[in-house]
Student: 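Could you have a look at this structure, given as structure tokens, before my questions?
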Amino acid sequence: MTESPDPLLDLLHLLDLEQIERDIFRGMSRSSLVPRVFGGQVAAQALVAAGRTVPADRTAHSLHAYFLRAGDPGAPIVYTVDRIRDGRSFTTRRVVAVQHGQPIFHLSASFQSHEEGMEHQAPMPAAPDPETLPTAAEMLPRYADRFSSPGVVDRLIEARAAVDLRYVDTPPFATVGEAREPRSQVWFRTNGKLADDPLLHVCLATYVSDMTLLDSVLLAHGRGGWAVGDVVGASLDHAMWFHRPFRADEWLLYDQESPSASGGRGLGQARIHTADGRLAITVIQEGVVRVPRG
């Protein structure tokens, strides 16, 4: 396996889109475990494009996105931003990602200038100290025999090299055939410090949010996941609400659950808390989750 000397720097370069025109940007892709663009990448890049057309004093507070077609990892992605609204407190942007002349992704994002208001939040759930949990490089090789091909472990480690992502409980691929409660927790942070740019931290959290959210769907049915080969699937839509400031280079607890699966679709919902207990983000995603035929 060939690893970059600085995977986080590679990821930051991936998110540093080229500006072609005033509201048109171009991004490249990185290899994925499946022959399509990783959904978290296109969502994060689209949010970068939107954020670069917004005043710096307005931060992202929500996004709503649809994955329309599988992206081609070998071709550039063009992001076109529509400046839907610039109000006194809120700014709204719409972004369409295009490849080969067809839209592959659509995002609406809203940004708000800072203001004081009422405060309450759901409490942070119990979770162990992330420093006591194994890293991906320590944990994944233990389950090499569960995956569909010998190279999957190396590819998983390489795909997550920019992010330190640690499972609180055993992941779906560790307990194939054993139905469990549809809940999953991971801690994550980037493998390195980031600049003090709120948009960057929001975009990195968006990138990571697509990595494990549907795990809870798999757990409910004793399925191991895409890398095991006992399900096929893809993200359909994705929504995030950013409640409070956070840093993606400091530990964040991603507490995930699945309230429903039906019709070949599974729903995941989650809350992301900072290590000191602040509710930072709420995430909801629906994806195609199908059992392979034959």
Side-chain angles (χ1 to χ4, degrees), residues 11-54 58 60-86 90-111 159 199-200 202-211 213-214 217 226 231-242 263-269 281-290:
L11 178 55
L12 296 178
H13 285 160
L14 195 74
L15 299 181
D16 187 16
L17 303 181
E18 174 190 1
Q19 186 164 5
I20 301 173
E21 295 287 350
R22 178 173 180 259
D23 293 329
I24 303 176
F25 302 84
R26 179 164 53 205
M28 303 304 294
S29 298
R30 64 188 301 176
S31 60
S32 174
L33 287 172
V34 291
R36 59 176 181 264
V37 177
F38 170 52
Q41 174 205 303
V42 69
Q45 287 181 329
L47 189 57
V48 169
R52 289 190 177 175
T53 71
V54 174
R58 299 196 174 190
H61 76 85
S62 70
L63 67 83
H64 301 263
Y66 283 90
F67 298 88
L68 307 176
R69 293 178 175 86
D72 175 2
I77 306 172
V78 175
Y79 297 90
T80 301
V81 182
D82 287 337
R83 301 182 182 231
I84 302 300
R85 180 175 182 267
D86 290 287
F90 291 89
T91 294
T92 306
R93 295 290 184 261
R94 180 174 59 205
V95 183
V96 178
V98 176
Q99 274 189 322
H100 306 304
Q102 293 186 312
I104 64 167
F105 178 84
H106 172 277
L107 174 139
S108 293
S110 185
F111 300 76
L199 178 63
L200 179 62
V202 165
C203 291
L204 263 298
T206 299
Y207 179 88
V208 178
S209 70
D210 192 39
M211 286 183 172
L213 186 50
L214 296 182
V217 177
W226 347 114
V231 296
V232 294
S235 302
L236 288 171
D237 55 13
H238 197 87
M240 301 180 73
W241 292 264
F242 305 101
R265 307 182 316 277
L267 185 71
Q269 59 187 25
I281 311 169
T282 297
V283 191
I284 297 179
Q285 181 184 74
E286 188 172 48
V288 173
V289 184
R290 295 182 178 133

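On a predicted model such as this, the values are computed, not experimentally measured, just so you know. Excluded from the calculations below are hydrogen atoms, water molecules and symmetry mates; all remaining heavy atoms, backbone and side chain alike, are included.
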Student: Calculate, to the nearest 0.5 Å, the distance between atoms OG and CG belonging to S235 and L214 respectively.
Tutor: 6.0 Å
Student: Test side chain to side chain contact (heavy atoms under 4.5 Å, CB included) on L204 and L15 and set out the steps.
Tutor: CA-CA 9 Å; L204 263 298; L15 299 181; 3.6 Å; yes
Student: Looking at V95 and A50, what are the two nearest heavy atoms and their distance?
Tutor: CG2-CB, 3.7 Å
Student: Measuring from atom CZ of F38 to atom CG of L14, what distance do you get when rounded to the nearest 0.5 angstrom?
Tutor: 11.0 Å
Student: How far does CG of L17 sit from CD1 of I24, to the nearest 0.5 angstrom?
Tutor: 13.0 Å
Student: Is there a donor-acceptor pair under 3.5 Å between the side chain of Q99 and the backbone N or O of A75?
Tutor: yes
Student: Measuring from D82:CG to S108:OG, what's the distance to the nearest 0.5 Å?
Tutor: 9.5 Å
Student: Just how far is it from atom CG of D237 to atom CG of L107, taken to the nearest 0.5 Å?
Tutor: 12.0 Å
Student: For the backbone of G27 and the side chain of Q45, can you confirm whether one donor and one acceptor N or O come within less than 3.5 Å of each other?
Tutor: no
Student: Looking at V42 and A97, what are the two nearest heavy atoms and their distance?
Tutor: CG2-CB, 4.2 Å
Student: Under 6.0 Å between ring centres: does that hold for Y79 and F105?
Tutor: no
Student: Kindly give the heavy-atom pair with the smallest separation between T206 and A44, and that separation in Å.
Tutor: CG2-N, 3.9 Å
Student: Minimum heavy-atom separation for F111 and R93, please, with both atom names.
Tutor: CE1-CG, 4.4 Å
Student: Just do the side chain to side chain contact (heavy atoms under 4.5 Å, CB included) check on Q41 and I77 with the steps written out, would you?
Tutor: CA-CA 11 Å; Q41 174 205 303; I77 306 172; 4.0 Å; yes
Student: Main chain of P103, side chain of R69: is a donor-acceptor contact present, judged purely on distance under 3.5 Å?
Tutor: yes
Student: To the nearest 0.5 angstrom, please state how far the CZ atom of R94 sits from the CD1 atom of I84.
Tutor: 4.0 Å
Student: For F67, which of H238, R36, H106 qualifies under side-chain contact (heavy atoms from CB on, under 4.5 Å)?
Tutor: H238
Student: In sequence, state the C-alpha distance, the side-chain angles, and the governing distance for V78 and E18, and then conclude on side chain to side chain contact (heavy atoms under 4.5 Å, CB included).
Tutor: CA-CA 9 Å; V78 175; E18 174 190 1; over 6 Å; no
Student: Between L199 and G51, which heavy-atom pair has the shortest distance, and what is it?
Tutor: CD2-CA, 3.8 Å
Student: I need the single residue from F90, F242, W241 that forms a ring-ring contact (aromatic ring centres under 6.0 Å, His included) with H61. Which is it?
Tutor: F90
Student: For the side-chain hydrogen bond (donor to acceptor under 3.5 Å, both in side chains) test, which of D23, T53, T92, T91 pairs with R83?
Tutor: D23
Student: What pair of heavy atoms forms the shortest contact from S29 to V37, and how long is it?
Tutor: OG-CG2, 3.5 Å
Student: Given side chains that start at C-beta, do those of W226 and V231 come closer than 4.5 Å, heavy atoms only?
Tutor: yes
